[in-house]
**Student:** 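Right, I'll just put the structure down here and ask away after.
All heavy atoms count here, side chains included; hydrogens, waters and symmetry mates do not. Worth saying up front: this structure is predicted, and the values here are computed from it rather than measured. Just so we're on the same page: letters track the sequence lines, and every chain starts at 1.
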Amino acid sequence: MSSDINATTAAKNEVVTTLISTLNDAQCQAVTTPAQSVLVLAGAGSGKTRVLVHRIAWQIQVRNVSMHSILAVTFTNKAAKEMRGRIEALLQVSARAMWIGTFHGVAHRLLRSHTKQAKLPDTFQVMDSADQLRLIKRLLVTLNLDEDKWPPRQIQWHINAQKDEGIRAKDCIAGYDLYQQNLLKIYQAYEALCERSGLVDFGELLLRAHELLRDNPDVLRFYQQRFNQVHVDEFQDTNAIQYAWLRLLTQGQDNIFVVGDDDQSIYGWRGAKIENIYSFQKHYPDHQVVKLEQNYRSTGMILKAANAVVANNEGRMGKALWTASADGDPIALYAAFNEQDEAYFVVERIRSWFNDGGKYSDVAILYRSNAQSRQFEERLMTAAIPYRVYGGLRFFERAEIKNALAYLRLIANRHDDASFERVINTPTRGIGAKSLEDMRTIARELAISMWSAMMVLLDQGHLSGRANNALLAFAQLIKNLDQLVEGSELYEKVQLVIEKSGLLEFHEKEKADKGDEKVENLKELVNAARLFDFDSNLEGMENLSELDMFLAYATLESGDMQADDFDECVQLMTLHSAKGLEFKLVFLVGLEEGLFPSQQSLDDVGRLQEERRLCYVGITRAMQYLYLSYAESRRLYGRESYPRPSRFLREIPAECIQEVRLRAEVSRPVTAIKPKSASLQTAGQYRLGQRVSHVKFGEGVILQTEGAGDQERVQINFRQVGIKWLMLAYAKLDVL
DNA sequence: CAACTTCAGTTTTTT
DNA sequence: ACTGAAGTTG
């Protein structure tokens, strides 16, 4: 008997050892602490996911917590997937029973499990932001509001912002401000429309999930007791409603384990509240703070630069990354003549990296705004270097896919107005603006769905023969599809719908190139349906049909399909989408005032600090080599600008930076610039892009030259005083 | 209904 | 400067 106990103790000790043997002290502390509420401040590259994964494993293996009692929330499906995968790899078991998902995914699951208490119809569907925008546009028409005075995108932004703050239309106080009153009216009408269409937008998922717990004590108690500890990834990105939801769930027990980094908070503009980290310490008084500061990713030089930049921010929790590895190469800084030269330089370096045996997939070009990608794409293209740009249209967001899904949604829920409007005349079947307008009026007046309105219209029989037939045919089509599809496999349903709806034919007839791709995508959709892993036993989702599950999946996990092909390509992406990734060789480009930091953030301290954190994120993506660059002259929005180098460059210690220059002839081939005349190419010894020094104005770069002989003038961008025209005959310039 | 023209907007993005 | 979307015509 006692030997049995000894044996299990020994076994347990071994488990403990394997779990923590690979962790450093701080990580180990975070994983093993008995504290109920824990705040892990995890610097970039400090093993944040590792801690989260090991903590969960620790609960299960050492504290004998049931997998059923594990909840972990992330922001992206990618992160959730990775976490699940790593836990499974570590524990060598299926992590199916654990609730690991995005905030939206978990909220969705809760709502499906408790549709009654959440006051939702069983058939409710999730709509994405494109659907939402469509719905809003339509709403504006019915409310007789001019789209120019009420820009749909701003309305959408406003509604989402309210929801992110947990504010319903009934909680709004508009006062006497006419504008506010109208906004409120729109918000109210939008809520009503969603209600009768059975549609739930992304913000609504979170808001409803919060209200579900808040207003149903028994439901709340059930989940409070069920989850042993609530784990949260990227805590600095939580918004007000997400945090409120977490607080409800952990109320009384304070069983919450959050991991975050205040220095990497870059989503303030979409409602993330960095303050939640500070509030956490107030709301959970017995919490323990663990700082992870050892970095396993970058060289000493890169970390030094990153630390120095972010040190310029106020009100930080305070953290300094360090590494046990070497200083590495200094950070290279390239002052490009213009944006084309910048791209040329970067691509040249990538080429030599590859020639020296480096892999393309280890290289990333990071920029502040998407518009910057073009120059690099063009250069990479001519250099025949494979590349991939992040952030394009995702699979489930493509028009043809959304069309197909809209038919499926209409089959699942006839009152889904967003889907109805999308497919009523796609492919074209002779239902014009007039008939639509009539339906909208009826729908509004009777407060019914468009589908019901169509039925009313058909019953009335006031329509012209042609319109009547067209509508009748459409109604019949949907009903037929519904019957036809009954009882068949999911992929067969998809297949049948794209064929019988005429969508396939519609896209086949389209202009050669484009249509082909769309047809391919539609086939891919059938394939996705075939591969769809429908887990009918998934707790809480028992009542959901496979089709409903697939539709929810398409909306909530639309990014899933493009994530995998990382292979052998140079990666181009914005700084925002680079968060969480790492690359051996990183180019951080466009470091110019007005571009990065962006123009819009220059006059606001808070936003500027967020830009700085973005810079910190960018720098810390690099493992071995980091190149920074800026252009002396940049063509942006059709206008030539001469930006000053970014302030962030000055915040990096000089000893970390080494200026680099390609040989002049190589860096500016004649084709790279568009001279206005041949004589502009050179001005004696003064070439375009030549660095010069002036007695009074200091250092600068030659941008343009004009005239000849005594009349020759040069335009110079001085670092200190900006752009100046100087007469060559008088200016005393030294070539640098 | 498709081809053409004009016109505003133009940081960052997930769910 | 460029793009995507809305409006206008044949």
**Student:** In whole Å, measure the gap between the P atoms of B:dT14 and C:dT3 for me.
**Tutor:** 22 Å

**Student:** Base, sugar-phosphate or nothing for A:Ser598? Non-hydrogen atoms, less than 4.0 Å.
**Tutor:** base

**Student:** Figure out the CD/P separation between A:Gln599 and B:dG9, and round it to whole Å.
**Tutor:** 18 Å

**Student:** Would you mind classifying the nucleic acid contact of A:Phe75 as base, sugar-phosphate or nothing, using non-hydrogen atoms under 4.0 angstrom?
**Tutor:** sugar-phosphate

**Student:** When A:Leu551 is tested against each of A:Leu556, A:Asp416, A:Asn413, A:Leu405 for side chain to side chain contact (heavy atoms under 4.5 Å, CB included), which residue passes?
**Tutor:** A:Leu405

**Student:** Please say which of A:Leu110, A:Val230, A:Val73 ends up in a side chain to side chain contact (heavy atoms under 4.5 Å, CB included) with A:Trp99.
**Tutor:** A:Leu110

**Student:** Look only at the side chain of A:Ser641 and the backbone of A:Arg634, and say whether a donor-acceptor pair between them is shorter than 3.5 Å.
**Tutor:** yes

**Student:** Would A:Arg112 pass as a cation-pi partner of A:Phe124, given that its NZ or CZ must be under 6.0 Å from the six-membered ring centre and within 45 degrees of the axis?
**Tutor:** yes

**Student:** Take A:Leu575 and A:Leu588 through the test side-chain contact (heavy atoms from CB on, under 4.5 Å) and record every step on the way to the result.
**Tutor:** CA-CA 9 Å; A:Leu575 285 157; A:Leu588 185 43; 3.4 Å; yes

**Student:** When all nucleic acid strands are considered with a 4.0 Å heavy-atom cut-off, which category describes A:Ser577: base, sugar-phosphate, or nothing?
**Tutor:** sugar-phosphate

**Student:** Can you tell me, in whole Å, how much space there is between the P of B:dT13 and that of C:dC2?
**Tutor:** 22 Å

**Student:** Just call it for A:Ser601: base, sugar-phosphate, or nothing, with non-hydrogen atoms closer than 4.0 Å on any strand.
**Tutor:** nothing

**Student:** Sub-3.5 Å donor-acceptor pair from the side chain of A:Glu342 to the main-chain atoms of A:Gly590, do we have one?
**Tutor:** yes

**Student:** Once the angle between the rings of A:Trp150 and A:Tyr179 is folded into 0 to 90°, is it parallel (under 30°), tilted (30 to 60°) or perpendicular (over 60°)?
**Tutor:** parallel

**Student:** So which nucleotide from B:dC1, B:dT12, B:dT15 ends up closest to the side chain of A:Asn425?
**Tutor:** B:dC1

**Student:** Of the candidate nucleotides B:dT14, C:dA1, B:dT15, which contains the atom at the shortest distance from the side chain of A:Arg270?
**Tutor:** B:dT14

**Student:** Think A:Thr428 has a side-chain N or O under 4.0 angstrom from the OP1 or OP2 of B:dC1?
**Tutor:** yes

**Student:** Under 6.0 Å from the six-membered ring centre of A:Phe395 and within 45° of its axis: does the NZ or CZ of A:Arg398 meet both?
**Tutor:** no

**Student:** In whole angstroms, how far is the P atom of B:dT13 from the OH atom of A:Tyr367?
**Tutor:** 9 Å

**Student:** Would you mind reading off the distance between A:Gln156 atom CD and B:dT15 atom P, rounded to a whole angstrom?
**Tutor:** 16 Å

**Student:** Just the rounded figure in Å: distance from C1' of B:dT12 to CD of A:Gln372.
**Tutor:** 11 Å

**Student:** How would you summarise protein contacts on nucleotides 3-10 of chain C per nucleotide, using B for base, S for sugar-phosphate only and - for none, with heavy-atom distances below 4.0 Å?
**Tutor:** S--S----

**Student:** Does the B:dT11 base have a donor-acceptor partner in the side chain of A:Arg607 within less than 3.5 Å?
**Tutor:** yes

**Student:** Pairs counted as Watson-Crick or G-U wobble with both distances under 3.5 Å: what dot-bracket string results for DNA chain B, using | for bases tied to another strand?
**Tutor:** ||||||||||.....

**Student:** Rounding to an integer number of Å, can you tell me how far A:Tyr553 OH sits from B:dT14 C1'?
**Tutor:** 16 Å

**Student:** Would the distance check show the side chain of A:Thr238 and the main-chain N or O of A:Phe235 forming a donor-acceptor pair, the cut-off being under 3.5 Å?
**Tutor:** yes

**Student:** Please answer whether B:dT14 and A:Phe202 are stacked, defined here as ring centres separated by less than 5.5 Å and planes angled under 30°.
**Tutor:** no

**Student:** Would you indicate which nucleotide in B:dT11, B:dC1, B:dT15 comes nearest to any side-chain atom of A:Ser369?
**Tutor:** B:dT11

**Student:** With heavy atoms under 4.0 Å as the rule, sort A:Asn370 into base, sugar-phosphate or nothing.
**Tutor:** sugar-phosphate

**Student:** Is there a side-chain contact (heavy atoms from CB on, under 4.5 Å) between A:Val423 and A:Phe474 once you walk through the steps?
**Tutor:** CA-CA 10 Å; A:Val423 297; A:Phe474 178 70; 4.1 Å; yes

**Student:** Rounding to a whole Å, what distance do you find between A:Tyr390:OH and B:dT12:P?
**Tutor:** 17 Å

**Student:** Of the nucleotides B:dC1, B:dT13, B:dT10, which has the atom closest to the A:His576 side chain?
**Tutor:** B:dT13

**Student:** Measure CD/A:Gln600 against P/B:dT11 and give the value in whole Å, please.
**Tutor:** 5 Å

**Student:** Do the charged groups of A:Glu437 and A:Lys434 touch, with an N to O distance under 4.0 Å?
**Tutor:** no

**Student:** To the side chain of A:Trp269, which of B:dT14, B:dT12, B:dC1 is closest?
**Tutor:** B:dT12

**Student:** Whole angstroms only, please: what is the CG-P distance between A:Leu614 and B:dT11?
**Tutor:** 15 Å

**Student:** Does A:Ser129 have a side-chain nitrogen or oxygen under 4.0 Å from the phosphate oxygens OP1 or OP2 of B:dT15?
**Tutor:** no

